[in-house]
Amino acid sequence: RNVLYHMRMLELVACITLGRNDYTHDKLRQHSTGFGFDHLLELIHHPKTPAMMKANCVDIIMRLYVDADPHKEISLLSQMRVWQGMEVGEGVPMNMVQWGEEMQCPSMQKGRFDKLKQALIRVFEENQQTNVEHPGQNVFVHKMVLLVRMLLKFGFYHEYSHEAKEWTPVLPDIRAVMQPLLRVLDGRTDFCGSFLGHRQEDARFEVSEKTAIVMACKVDILYAAMDMFQIGQNERITRFVSFFNGALTRAGLRSWEDMERDTTAQVGKTLSRSYSAGKLVATLSRRFSQARMGPGKEQKGFVDYVEDKSLWRSKSPWSHQDIEQLMHDEFTGPAILVEEVSVKALSACFERGKSNQLSDWLKVLLDLLRYKNAHLKEMAVGYLIGSFSQQSGFIGLLVNTELLMLRNVATVYHRVRNEAGRLRVFSKAFVSEDPA
């Protein structure tokens, strides 16, 4: 009875922490022996804590310490990039506050979330074989999956680069949690008792109160994997943009900031009258066409390449060896995250003589198609299609990626991005408020 009371109390606390209620959060954090981060983590670790109580503790951690001020969601896949080394005058970065003389994230003090990440890995490794007959434990694992997604979205698997003014992923930490997470997704080793006359090995695919918990967990694992794949795609875009930046810089490209200073006076004189975007671009093009990519008279300016795309082939600023190295890094080199879901591993599945050697990732997806859950089937089919179109999908992302080369534009972009983060926080708080 006492255990049931504490479980209901934790459920109540998890409910009242919704919506980033600062007053409630401050009061609860003051009770370090009851709702302190370390105490909640100890309850999760303790072997005698009931599984449902552990799940409630995870709920409180998510709402009291992760989805809490000053944390804001970051963009896992950014198709807006800023020219390397450009000073844009951005203010306080997201998830950071002034802490003494440094910018720090309060929740990362004393390595708090490092302990939490280790706990996540331990839980997933201990629950690689799901037992459908233990619904409480499965609810706990599902909450831990949701916690992984939240940590990813709020940037706690990233580090902030003050030079690039971007969040960069900590790939080793993501790999460490992704591998056991995908093993939990693999339902081929799950145990389920007989159900409505179905064979024991087929009962896990049927719909029941117990199997519904497991299916919901697998759906959210696929969502978490999607977030991680977006991080991988973002890393590929970063490599491509770095190559593009480096190639044009080595070719002697004059910075766009210099061009901007040259045109500032002229643009300022025309602000008082109608000055269309087309006229502005034409003015910048004329100015920049006078700046050559190198000292040689035959070399072209960057705008010439924009106007005549055949120059990228006839007088490209990079060599054939540079392109080969880039393609190796993007598609055939070491996997960014997990080897078996890399482009190289999937493309090798159907090579001649290897028709029966499907990767484990594809076998897991094919197994998920057998579950009688429409959402799970839909996501598995989407992953199967996406697994064999990674190259074309990545090329499509590159086509739509914008490289901001003007400081004023980049400054506005960073400002809008920060304000959009604040707007998301306010919107979520408004939706989660009690209508009464």
Side-chain angles (χ1 to χ4, degrees), residues 20 37 41 44 55 58-80 93-96 105-108 111-125 127 140-161 164 166-185 216-238 335-338 341-342 361 379 382-383 386 390 397 417-418 420-422 424-425 427-428:
R20 296 197 174 198
F37 182 88
L41 202 56
I44 292 174
V58 175
D59 258 339
I60 295 174
I61 287 178
M62 285 192 290
R63 298 168 184 177
L64 194 59
Y65 294 98
V66 183
D67 189 2
D69 292 330
H71 306 158
K72 301 177 184 65
E73 294 184 15
I74 67 171
S75 176
L76 300 180
L77 178 61
S78 176
Q79 292 183 262
M80 300 291 289
M94 290 188 296
N95 294 358
M96 301 285 205
C105 175
S107 292
M108 295 300 285
R112 274 181 171 178
F113 284 180
D114 292 336
K115 299 176 184 177
L116 185 59
K117 292 175 188 176
Q118 293 299 320
L120 286 167
I121 296 172
R122 188 180 305 112
V123 168
F124 294 143
E125 288 178 344
N127 291 272
F140 168 55
V141 174
H142 187 195
K143 294 293 185 181
M144 295 295 268
V145 172
L146 295 175
L147 178 57
V148 170
R149 291 200 66 199
M150 189 171 288
L151 290 174
L152 285 168
K153 288 188 174 183
F154 284 97
F156 294 111
Y157 280 97
H158 291 66
E159 290 179 347
Y160 187 78
S161 171
E166 292 287 347
W167 289 90
T168 58
V170 184
L171 296 178
D173 289 354
I174 298 175
R175 291 191 198 102
V177 70
M178 186 177 186
Q179 290 174 330
L181 192 61
L182 293 181
R183 287 194 285 269
V184 176
L185 177 66
C217 181
K218 293 186 185 299
V219 167
D220 280 302
I221 291 177
L222 287 176
Y223 275 120
M226 186 182 299
D227 295 336
M228 294 176 184
F229 288 149
Q230 282 191 335
I231 292 173
Q233 289 176 323
N234 190 73
E235 186 68 12
R236 294 182 190 277
I237 293 176
T238 299
I336 293 179
L337 292 175
V338 180
V341 299
S342 65
W361 172 242
M379 295 198 67
Y383 269 100
Q390 289 192 56
L397 288 175
R417 187 179 63 174
N418 281 344
R422 296 187 183 96
R424 281 196 296 268
V425 172
S427 300
K428 288 177 63 178

Side chains of [X] and [Y] in contact at under 4.5 Å (non-hydrogen atoms):
{"X": "Tyr223", "Y": "Val145", "value": "no"}
{"X": "Thr168", "Y": "Thr238", "value": "no"}
{"X": "Leu147", "Y": "Leu116", "value": "yes"}
{"X": "Leu76", "Y": "Ile74", "value": "yes"}

Taking all heavy atoms of [X] and all of [Y], pick out the closest pair and write down the distance.
{"X": "Ile121", "Y": "Pro180", "value": "CG2-CG, 4.4 Å"}
{"X": "His142", "Y": "Cys217", "value": "CD2-CA, 3.7 Å"}
{"X": "Pro169", "Y": "Ile231", "value": "CB-CG2, 3.5 Å"}
{"X": "Leu41", "Y": "Ala119", "value": "CD1-CB, 4.3 Å"}
{"X": "Val170", "Y": "His158", "value": "CG2-C, 3.9 Å"}
{"X": "Met62", "Y": "Leu146", "value": "SD-C, 3.9 Å"}

Carefully, step by step, assess Val58 and Ile60 under the rule side-chain contact (heavy atoms from CB on, under 4.5 Å). CA-CA 5 Å; Val58 175; Ile60 295 174; over 6 Å; no
I want to know whether Phe113 and Tyr157 have ring centres closer than 6.0 Å. no
Phe156 and Met150: CA distance, side-chain angles, deciding distance, side-chain contact (heavy atoms from CB on, under 4.5 Å) verdict: CA-CA 9 Å; Phe156 294 111; Met150 189 171 288; over 6 Å; no
Do the side chain of Lys117 and the main chain of Val148 share a donor and acceptor less than 3.5 angstrom apart?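 Judged by distance alone, no pair lies under 3.5 Å.
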Between Asn127, Leu120, Val177, which is the residue that forms a side chain to side chain contact (heavy atoms under 4.5 Å, CB included) with Met144?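 The passing option is Leu120.
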Measure the [atom1]-[atom2] distance between [X] and [Y] for me, rounded to the nearest 0.5 Å.
{"X": "Arg183", "Y": "Leu185", "atom1": "CZ", "atom2": "CG", "result": "12.0 Å"}
{"X": "Met228", "Y": "Arg175", "atom1": "CE", "atom2": "CZ", "result": "12.0 Å"}
{"X": "Ile44", "Y": "Arg122", "atom1": "CD1", "atom2": "CZ", "result": "11.0 Å"}
{"X": "Arg149", "Y": "Asp227", "atom1": "CZ", "atom2": "CG", "result": "4.5 Å"}
{"X": "Ile61", "Y": "Lys143", "atom1": "CD1", "atom2": "NZ", "result": "12.5 Å"}
{"X": "Leu397", "Y": "Asn234", "atom1": "CG", "atom2": "CG", "result": "9.5 Å"}

Report the C-alpha distance between Leu64 and Phe37 in whole Å, list the side-chain angles of each, state the deciding distance to 0.1 Å, and finish with yes or no for side-chain contact (heavy atoms from CB on, under 4.5 Å). CA-CA 9 Å; Leu64 194 59; Phe37 182 88; over 6 Å; no
Apply side-chain contact (heavy atoms from CB on, under 4.5 Å) to residues Phe124 and Met178 and explain how you reach the verdict. CA-CA 10 Å; Phe124 294 143; Met178 186 177 186; over 6 Å; no
